[in-house]
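Below is one structure, written out as structure tokens; comments come after it.
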2 protein chains.
Amino acid sequence: MVGKREGGGEGRAGTRASPRRRPTIQDLARAADISPSTASRALSGNGYVSAEVRARVLAAAEEIGYVPDSIARSLRSRTSRAVGVLISDIRNPFYANLAAGIEERLRSAGYHVIVVNNDGEADAEVEGARTFLAVRVSAAIVTPVSDRAVRMLMSDGVPVVQADRLVDGLSSDAVLVDNVQGAQEITSHLVDLGHRTIALLIDETDWTSGAGRLAGYRAALRAAGIPMDPALVVPTRFQPDAAREAVDALLDRRPDVTALFAANNLLAEGAFQALRLRGLRVPEDLSLVAFDDLPWMSMVSPGITTVDQHTAELGRTCAQLVVDRIAGSESGEATVRYIEPSIVIRSSTAAPREPSVPVARAASTQVGPVTS
Amino acid sequence: MVGKREGGGEGRAGTRASPRRRPTIQDLARAADISPSTASRALSGNGYVSAEVRARVLAAAEEIGYVPDSIARSLRSRTSRAVGVLISDIRNPFYANLAAGIEERLRSAGYHVIVVNNDGEADAEVEGARTFLAVRVSAAIVTPVSDRAVRMLMSDGVPVVQADRLVDGLSSDAVLVDNVQGAQEITSHLVDLGHRTIALLIDETDWTSGAGRLAGYRAALRAAGIPMDPALVVPTRFQPDAAREAVDALLDRRPDVTALFAANNLLAEGAFQALRLRGLRVPEDLSLVAFDDLPWMSMVSPGITTVDQHTAELGRTCAQLVVDRIAGSESGEATVRYIEPSIVIRSSTAAPREPSVPVARAASTQVGPVTS
DNA sequence: CTGTTAGCGCTTTCAC
DNA sequence: GTGAAAGCGCTAACAG
């Protein structure tokens, strides 16, 4: 496009400046003195080619700087090495790490990644799906917002892997975090320290992620025989500021709260600020825990006790599933894999100021989904 | 790929389960009762089509669920809506924000983004460039590691925008941060507070980014009449751990240091840890500043005084340059734009314990590159 | 304003 | 093991 303009003025019919058509497989064939079909076979490895000829072709390719045109290849072979990745917000380190894990594994498997952000909006998500269809990705990985995009992709035969959460009623492959387990464990950690009035700060419970965390929180309380107080489940929006205000309001209303569980990293940020602004000491005045471990959580003081979701591993697992699915080595049915989170205990949790009597936990607290 | 397998068993010759060939422009033409070329014109907007026919085509497209195959379109028209983005490590929030800014602007301009990470390795970078060439991206944005990838892209006529730093001797478009200016301002801030023994923690000075920061640091000292002490420029690797050790060693060696300037966010992380591990109070015992502002820097106490690079804006500017370049509205020559950083003063900086006599700054300290 | 023709660069039968 | 021929789905000439 741009280069062409140059051609006009400084046309020194020499090496550069000219639009210089890229070598095609025809050129390569000519250079290696064989037919295009043989060249194709030599490069792609499909079909028979004598070792001698293959070497010659490879050398010639290097020589003339031949790079196969994957557009043409895709058109003809009806496949592509592109995988679509549709995520909510790459600015959020959670998604960034997810994307990084995906890209890493996919790249090493010879695929490349088309990333589209949807900012959590269903329309943008559908638009992204349309793009994926247009460029004929061979699979898609999506952190779903609504079911529309996933449905659209699937109905066109594109294998999709849902990441982090599952949209109802769709039987695609998926890789999820065991939210119930993680939330239960970290809540139990608080319970074990003696907390009985534990608030959960959460932005949504419609997705499997939020629902699971809520369920885990409840399960831990139930297991400890602590009655559920609905007023301790604090709804908020998916933004630090909103979370900060929500926590502030909660503490005005319920000064008896001794521990706070933020359901994700953004809410944790807001909660952390709210506590600091109020001049509350953590963990002396209030214990704080969060779902989703980020670097800053170990940099602040006190370090925050969290549930580490192993996000990069989540991403790599998604990518692996995609690769297997494309290769056809996955069974026909949808496979769902769970990543087991682990809790990281730091300094933001301690026994409450006036400890309640520690409650014995029920022996059997198994409630999480069965792992893969 | 995957869907096909289903066809065998549960073959209810009905609506789904079958491979169901995607509608082509032929199908669309048939449905709208016109020729393929007219359908093409109606969709792409190139050439004349009566309003009546266009409406009919659009309706038919909606009706049969036609999505243009951009593979075929690209092959024929020798253009694509794909832009390659080649960055070092999307896990690093700096690059994540850069990518987010790029994606945002590009998406709204109708392009999609192919992201490849190179982990700072030149070979991986070249591999990424090869991918871009293969899929015929219409432009590329790269945070260059070596000159090879950029050179390769450019020699094939792909417009490239270098982001954040510039590789020597290549005249591509670029968007850079005014590193000299930012580093000078923040160093001067320390000087103004009375610091005279300011260490710079830096991982590289080969790229324009590191070189600029070093130059800004030096310019500020020079302007203040403070002699350069080479031992205060502390080299380290691009990792928090390495930075932590480097700071530790520095402070063993030079207890007289009163302020520390970390040249990027990773080094800042290491520096912050080192200071905490040593039990030093910031800013009472030592002031700390950093280049590149990240959320955690305002969450820790004390909040860290930083240079905000406006990374998302940097990304958007790169994308805009790409769009303009593709549209041909940019001049023939390479254009370089600078982003003006701003310094964010928080609580990690204060006068040194035993303040030196504040030094009057020279009146004219203009040394930065001239802005765009 | 619309239709016809040709061909982008590659892979894939199908002969040999 | 290799080559010849056909065509993926689309759009750019060119007629009409």
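So you know, we letter chains A, B, ... as the sequences are listed, proteins then strands, and number each from 1.
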Check this one for me: any side-chain N or O of [X] less than 4.0 Å away from OP1 or OP2 of [N]?
| X | N | answer |
| --- | --- | --- |
| A/Ser35 | D/dT2 | no |
| B/Ser70 | D/dC10 | no |
| B/Ser50 | C/dC1 | no |
| A/Arg76 | C/dG9 | no |
| B/Ser44 | D/dT11 | no |
| B/Arg78 | C/dC8 | no |

If I compare all heavy atoms of [X] with all of [Y], which pair ends up nearest, and what's the gap?
| X | Y | answer |
| --- | --- | --- |
| B/Val135 | B/Ile114 | CG2-CD1, 3.7 Å |
| B/Ala29 | B/Ser35 | CB-C, 3.7 Å |
| A/Ala60 | A/Ala31 | CB-CB, 4.2 Å |
| B/Ala134 | A/Arg22 | CA-NH2, 4.3 Å |
| B/Ala129 | B/Met152 | CB-SD, 4.2 Å |

Interface with DNA chain C, restricted to residues 55-66 of chain B and to heavy atoms under 4.0 Å
none
Per nearest nucleotide of DNA chain C, the residue lying toward the 5' end, B/Ala72 or B/Ala51, is B/Ala51
Please report how far the helix from C/dC1-D/dG16 to C/dC16-D/dG1 bends, comparing the axis fitted to its first five pairs with the axis fitted to its last five, to the nearest 10 degrees.
30°
[X] [atom1] to [N] [atom2]: how many Å, rounded?
| X | N | atom1 | atom2 | value |
| --- | --- | --- | --- | --- |
| A/Leu75 | C/dC8 | CG | C1' | 9 Å |
| B/Asn46 | D/dA13 | CG | P | 11 Å |
| B/Tyr48 | D/dC14 | OH | C1' | 16 Å |
| B/Leu43 | D/dC10 | CG | P | 9 Å |

Please classify the nucleic acid contact of B/Ile34 as base, sugar-phosphate, or nothing, using heavy-atom distances under 4.0 Å.
sugar-phosphate
Check every atom of C/dG3, D/dA12, C/dT12 against the side chain of A/Ser40 and return the nucleotide holding the closest atom.
C/dT12
Taking only the side-chain heavy atoms of B/Ser77 (C-beta and beyond), determine which of D/dC8, C/dT11, D/dA12 contains the nearest atom.
D/dA12
On a plain distance test, is the side chain of B/Arg41 in donor-acceptor contact with the base of C/dG3 below 3.5 Å?
yes
Counting distance alone, no hydrogens or angles: does the base of D/dA4 have a donor or acceptor under 3.5 Å from a partner atom on the side chain of A/Ser37?
yes
CD of A/Gln162 to CG of A/Leu86, rounded to nearest 0.5 Å, is 11.0 Å
Residues B/Arg316 and B/Glu104 bridged, charged N to O under 4.0 Å
yes
Please determine whether a side-chain nitrogen of the Lys or Arg among A/Arg337 and A/Asp173 lies less than 4.0 Å from a carboxylate oxygen of the Asp or Glu.
no
Decide side-chain contact (heavy atoms from CB on, under 4.5 Å) for A/Arg56 and A/Asp33; before the verdict, give the C-alpha distance in whole Å, the side-chain angles of both, and the deciding distance to 0.1 Å.
CA-CA 9 Å; A/Arg56 190 142 44 94; A/Asp33 198 36; 4.1 Å; yes
How far apart are the C-alpha atoms of B/Tyr111 and B/Val322, what are their side-chain angles, what is the distance that settles it, and do they pass the side-chain contact (heavy atoms from CB on, under 4.5 Å) test?
CA-CA 10 Å; B/Tyr111 291 85; B/Val322 154; over 6 Å; no
Begin with the C-alpha distance, continue with both residues' side-chain angles, and end with the deciding distance and a verdict on side-chain contact (heavy atoms from CB on, under 4.5 Å) for B/Arg107 and B/Val113.
CA-CA 8 Å; B/Arg107 179 156 46 87; B/Val113 161; over 6 Å; no
Hey, can you pull the residues of residues 24-33 of chain B with a non-hydrogen atom under 4.0 angstrom from DNA chain D?
B/Thr24, B/Ile25
Run the side-chain contact (heavy atoms from CB on, under 4.5 Å) check on A/Val116 and A/Phe132 step by step: do they pass?
CA-CA 9 Å; A/Val116 2; A/Phe132 292 171; 3.4 Å; yes
